[in-house]
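In what follows, chains carry the letters A, B, and so on, assigned in the order in which the sequence lines appear, proteins first and then strands, with residues in each chain numbered from 1.
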Protein chains: 2
Amino acid sequence: MELRHLRYFIAVAEEGNVTAAAEKRLHTAQPSLSRQLRDLEVEIGASLFTRGARGVELTDAGRAFLAHARVSVREASEAVQAARRAARPPKPVFSVGFLTGQGTGSPASLGCYEASCRR
Amino acid sequence: MELRHLRYFIAVAEEGNVTAAAEKRLHTAQPSLSRQLRDLEVEIGASLFTRGARGVELTDAGRAFLAHARVSVREASEAVQAARRAARPPKPVFSVGFLTGQGTGSPASLGCYEASCRR
DNA sequence: TGGCCTTACGTATGACGTAAGGATG
DNA sequence: CATCCTTACGTCATACGTAAGGCCA
């Protein structure tokens with residue numbers, strides 16, 4: 001079982017229709033999607049949908065599966081986001097130095113502004 | 001990105017060693033595992049490990065990724081368990097009927113014991 | 001130089017698209 | 001009979017194993 005199966009399953013569960021899910025959401029051929037659903041059900045050992053002439057409907061097992069599948073897919077996506085955030089280089093800082101007190105007779109002194117980069 | 005990538009990554013992160021993870025936990029060839037890790041890093045766009053002569057070590061991005069990856073894999077597994085539980089047929093009941101009052105002169109009456117099946 | 005990771009390459013598993021078939025209202 | 005799902009099949013992507021190469025103590 002792979003994330004692809006979960007993504008496919010979720011799309012079909014939400015559309016209630018294999019054909020529509022294939023075309024509108026997954027941009028794949030419908031028979032291929034049907035095949036993946038069947039593979040998933042075989043691996044689990046339970047039917048996730050009841051097939052009718054108007055589309056598909058979730059079984060009890062399908063509803064139970066859906067809740068966890070959504071979390072799994074969301075966490076996988078979160079993992080990527082979190083890794084990308086963590087990999088960002090430390091905030092760059094833009095520094096500007098300047099001299100004050102020029103031409104006043106008193107000794108010049110050094111000033112500095114630092115601007116942190118907004119992410 | 002598929003669950004396989006997450007499972008591979010977790011095994012390597014926990015072993016701290018690609019070779020050991022391949023042989024002891026994933027039962028696959030080590031170069032193949034290396035390749036999958038690289039693919040994962042490319043897709044994420046960040047390094048997850050620092051490679052050294054003694055093995056691999058997680059980067060900050062790797063640690064951030066690991067936490068979510070574990071949840072994702074666990075939920076996928078939970079989804080299967082939950083679906084299988086929900087698909088179980090309703091508890092079977094074993095019923096025994098019997099007649100009482102036989103041979104007492106009074107009319108017989110029907111009794112019944114039911115035993116539910118322990119799961 | 002020995003352990004560990006990577007690159008290179010041939011093989012094969014399986015995911016996909018197209019076409020045809022069956023079921024249901 | 002129109003809609004939707006399934007089966008069948010050829011093609012192609014890619015995951016895997018084997019072999020060779022590079023890197024660092």
Contacts of B/Arg4 that satisfy salt bridge (charged side-chain N to carboxylate O under 4.0 Å, His left out) - sequence neighbours left out | A/Glu2
Apart from A/Val42 itself, members of its ILVMFWY cluster (side-chain separation under 4.5 Å) are none
Side chains of residues 19-34 of chain B: which donor-acceptor pairs under 3.5 Å do they make with residues two or more places apart or in other chains?
residue	atom	partner	partner atom	Å
B/Arg25	NH1	B/Glu14	OE1	2.8
B/Arg25	NH2	B/Glu14	OE1	3.1
B/His27	ND1	B/Glu23	O	3.4

Interface residues of residues 15-35 of chain B with DNA chain C (non-hydrogen, below 4.0 angstrom) = B/Asn17, B/Val18, B/Thr19, B/Gln30, B/Pro31, B/Ser34
Using salt bridge (charged side-chain N to carboxylate O under 4.0 Å, His left out) as the criterion, list what pairs up with B/Arg51, not counting sequence neighbours.
-> B/Glu41
Please lay out, stage by stage, how A/Val56 and A/Asn17 fare under the test side-chain contact (heavy atoms from CB on, under 4.5 Å).
-> CA-CA 6 Å; A/Val56 298; A/Asn17 183 315; 5.8 Å; no
Qualifying residue, where the test is side-chain hydrogen bond (donor to acceptor under 3.5 Å, both in side chains) with A/Glu75 and the options are B/Arg74, B/Arg70, B/His68 | B/His68
Carefully, step by step, assess A/Leu58 and A/Leu66 under the rule side-chain contact (heavy atoms from CB on, under 4.5 Å).
-> CA-CA 9 Å; A/Leu58 286 174; A/Leu66 180 58; 3.9 Å; yes
Between C/dG14 atom C1' and A/Arg38 atom CZ, what is the distance in whole Å?
-> 18 Å
Note: chain A reaches DNA chain D at heavy-atom distances under 4.0 Å over the stretch, first to last nt, 5' to 3', of D/dC4 to D/dT7
Applying the 4.5 Å side-chain criterion to the ILVMFWY set and letting contacts propagate, would B/Val71 and B/Leu6 be lumped into a single cluster?
-> no
Taking atom CZ of A/Arg35 as the centre, does the number of heavy atoms from other residues, nucleotides or ligands within less than 6.0 Å exceed 12?
-> no
Check whether any side-chain N or O of A/Arg84 sits under 3.5 Å from a backbone N or O of B/Gly45 as a donor-acceptor pair, and report yes or no.
-> no
Axis bend over the full length of the helix from C/dT1-D/dA25 to C/dG25-D/dC1, computed from five pairs that close each end, to 10 degrees | 30°
Nearest heavy-atom pair of B/Ala87 and A/Ala46: which atoms, and what distance?
-> CB-CB, 3.5 Å
Tell me whether the OP1 or OP2 atom of C/dG3 has a side-chain N or O from B/Arg54 closer than 4.0 Å.
-> no
Does anything in residues 39-50 of chain B reach DNA chain C, meaning a heavy atom under 4.0 Å, and if so which residues?
-> none
Atom pair distance, as rounded to whole Å: CZ in A/Arg7 and P in C/dA15 | 14 Å
If you group Ile, Leu, Val, Met, Phe, Trp and Tyr whenever their side-chain heavy atoms sit less than 4.5 Å apart, what else falls in with A/Leu110?
-> A/Leu99
Assess the side chains of A/Thr59 and A/Ser47: does a donor N or O sit below 3.5 Å from an acceptor N or O?
-> no
Can you name the residues that form a salt bridge (charged side-chain N to carboxylate O under 4.0 Å, His left out) with B/Arg63, not counting sequence neighbours?
-> B/Asp60
Between the protein and nucleotides 21-23 of chain C, which nitrogen or oxygen pairs come in under 3.5 angstrom?
none

What pairs of residues pass the ring-ring contact (aromatic ring centres under 6.0 Å, His included) test when at least one of them lies in residues 42-65 of chain A, not counting sequence neighbours?
-> A/Phe9-A/Phe49, A/Phe9-A/Phe65
